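Heads up: the structure comes next, in structure tokens.
Just the heavy atoms: all of them, side chains too, but no hydrogens, waters or symmetry mates, feed the values below. Values in this document were obtained by computation on a predicted structure and should not be read as measured data. Both counts, for ligands and for their atoms, begin at 1 and track the order of listing.
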Amino acid sequence: MNRFTLSEHFFRDQASAHATGGLSTVLNRMSLVARMLASEIMRAGFVGKLGYTGTSNVQGEEVRALDVISNDTTLQVFENVPMVAAIASEEMEDIHVLPGGEGGKYLIATDPLDGSGNVDVAGQMGTIFGIYKRDRVGEPVTKEEFFQSGRNIVAAGYVLYGPCTMMVYSAGGPVNGFTLDRSIGTFFLTHPDLQIPEGKGAYSVNEANEIQWDEPTREMVATFRRQQADSGKRAARYAGALVGDFHRTLLKGGIYMYPGTSEKPRGKLRLLYENAPLAFLCERAGGAASDGVRPILDIVPDELHQRTPLYIGSKNDVEEVVRRLAGA
Ligand code: FBP
């Protein structure tokens with residue numbers, strides 16, 4: 001097998017895009033975050049880094065030791081990367097402006113540890129990132145600069161921590177998947193030019209929330225459960241980690257849903273650093289992503305931690321969901 005490494009791929013991407021190399025450097029550093037967190041997660045159980053810290057984050061969610069470690073690792077890795085201006089993270093109320101950030105031209109929005117509810121049960125977890133450009137290089141960095149639609153994303157990806165560690169990303173071109181060879185700490189290309197299948201794959205939703213959904217949502221999900229969706233028979237799968245559920249959907253087709261609920265009318269997942277980066281990838285793999293009404297990538301956030309409902313996966317499935325929610 002041609003063992004094409006992630007670093008080689010970055011620089012080939014850069015050459016083809018006649019890029020300056022700044023984005024390749026940012027992506028290379030993100031792969032370092034991936035390798036460091038993979039190691040932390042593997043050892044957490046041995047060194048007592050599981051469990052809760054006894055504090056809660058800006059989302060009001062209980063914070064786990066690995067949430068804090070993941071965020072700190074991300075900040076450390078980008079501390080001296082001059083082309084990055086600032087980082088917005090699920091774990092921080094406000095943006096973190098890096099030293100000399102006003103001269104940086106990239107903004108990183110990230111969920112450092114997605115699926116942290118799976119930490120104590122050796123379940124799948126992930127890191128999600130989206131990279132945006134600034135149009136005010138040289139000026140002080142503001143959080144308002146992050147309020148861009150996902151159409152402006154220049155690169156996005158995720159890292160999946162599971163039986164293997166994978167990094168899947170796009171810099172605007174094809175979506176490529178790389179698998180970590182832990183023995184030498186190198187990512188190799190294993191899933192070139194991913195395209196999401198149509199007409200197959202699971203539907204994925206936490207059906208325990210059914211009592212909190214509105215009637216159109218209940219009826220739409222029941223259609224999938226009763227094997228009456230347009231593409232018929234579907235399995236149900238739910239990993240409890242968005243990255244794990246999305247990765248399966250990307251490779252096998254199907255749809256992941258996190259509808260709005262009576263407790264959280266805008267849903268649980270965050271637009272800037274979860275929904276938009278994955279929507280960017282999904283559209284480039286031939287799929288779609290909607291909040292139930294509009295494409296996720298068309299939505300301009302007006303706050304860092306803004307939530308939206310999320311329906312993401314095979315294009316026909318997402319279009320059917322939007323149609324059914326509209327009562328068509
Ligand atoms: P975080 O763990 O980063 O907060 O992400 C939210 C999340 O864990 C997703 O990964 C997952 O898909 C979803 O919440 C599960 O939510 P629920 O337990 O309500 O089904």
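Looking at Asp114 against ligand 1, both its backbone and its side chain come within 4.0 Å, counting heavy atoms. Contact annotation for Val243 and ligand 1: no heavy atom of the residue comes within less than 4.0 Å of the ligand. Contact annotation: for Phe246 versus ligand 1, there are no heavy atoms closer than 4.0 Å. Under 4.0 angstrom from ligand 1, the non-hydrogen atoms of Asn206 all belong to its side chain. When non-hydrogen atoms are compared, ligand 1 lies under 4.0 Å from neither the backbone nor the side chain of Met125.
Close approach of ligand 1 to Glu90 (heavy-atom distance below 4.0 Å) involves ligand atoms 1 (P), 3 (O), 4 (O). Residue-ligand proximity, Leu113 to ligand 1, at heavy-atom distances under 4.0 Å covers atoms 3 (O). Shown in contact with Gly240 at under 4.0 Å from a heavy atom are these atoms of ligand 1, numbered in order with element: 8 (O), 11 (C). In the vicinity of Ser116, heavy-atom distances shorter than 4.0 Å reach the ligand 1 atoms 2 (O). Taking every heavy atom of Leu242 and a limit of under 4.0 angstrom, the matching atoms of ligand 1 come to 9 (C), 10 (O), 11 (C), 12 (O).
A side chain to side chain contact (heavy atoms under 4.5 Å, CB included) with Leu242 is found for exactly one of Met125, Glu274, Gln124, namely Glu274.
Ring geometry, Phe224 versus Tyr203: the interplanar angle falls from 30° to 60°, so the pair is classed tilted.
In terms of protein heavy atoms, atom 20 (O) of ligand 1 is closest to Tyr238 OH, 2.6 Å. The protein heavy-atom contact nearest to atom 18 (O) of ligand 1 is Lys268 NZ, 3.8 Å.
Ligand 1 has Ala241 within reach: a non-hydrogen atom of the residue lies less than 4.0 Å from it. For the ligand labelled ligand 1, residue Asp111 lies inside the 4.0 Å heavy-atom shell. Distances from ligand 1 to the non-hydrogen atoms of Arg270 include at least one value under 4.0 Å.
Between His9 and Phe187, a ring centre-to-centre spacing not shorter than 6.0 Å is recorded.
In this model, no donor atom of one side chain and acceptor atom of the other lie less than 3.5 Å apart for Tyr169 and Ser31. No hydrogens or angles considered: nothing links the side chains of Thr223 and Arg226 as a donor-acceptor pair under 3.5 Å. A donor-acceptor pair shorter than 3.5 Å cannot be found between the side chains of Tyr256 and His247.
Backbone and side-chain nitrogen or oxygen atoms of Gly115 are examined, and one is located within less than 3.5 angstrom of a nitrogen or oxygen of ligand 1. Between Tyr256 and ligand 1, a contact under 3.5 Å exists for at least one N or O pair. Any N or O atom pair closer than 3.5 Å counts here, and Tyr258 shares at least one such pair with ligand 1.
Note that the CG atom of Leu304 and the CD atom of Glu144 stand 8.5 Å from one another [nearest 0.5 Å]. For the atom pair CG of Asp230 and CG of Asp317, the computed distance is 8.5 Å after rounding to the nearest 0.5 Å.
Classification of Arg323 and Glu319 as a salt-bridged pair fails, no side-chain N sitting under 4.0 Å from a carboxylate O.
Two residues are said to be in side-chain contact when any heavy atoms from C-beta on lie closer than 4.5 Å; Val26 and Phe78 meet this criterion.
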**Request:** Report the C-alpha separation of Leu180 and Thr186 in whole Å, then their side-chain angles, then the decisive distance to 0.1 Å, and conclude whether the side-chain contact (heavy atoms from CB on, under 4.5 Å) test is met.
**Result:** CA-CA 6 Å; Leu180 180 64; Thr186 302; 5.6 Å; no
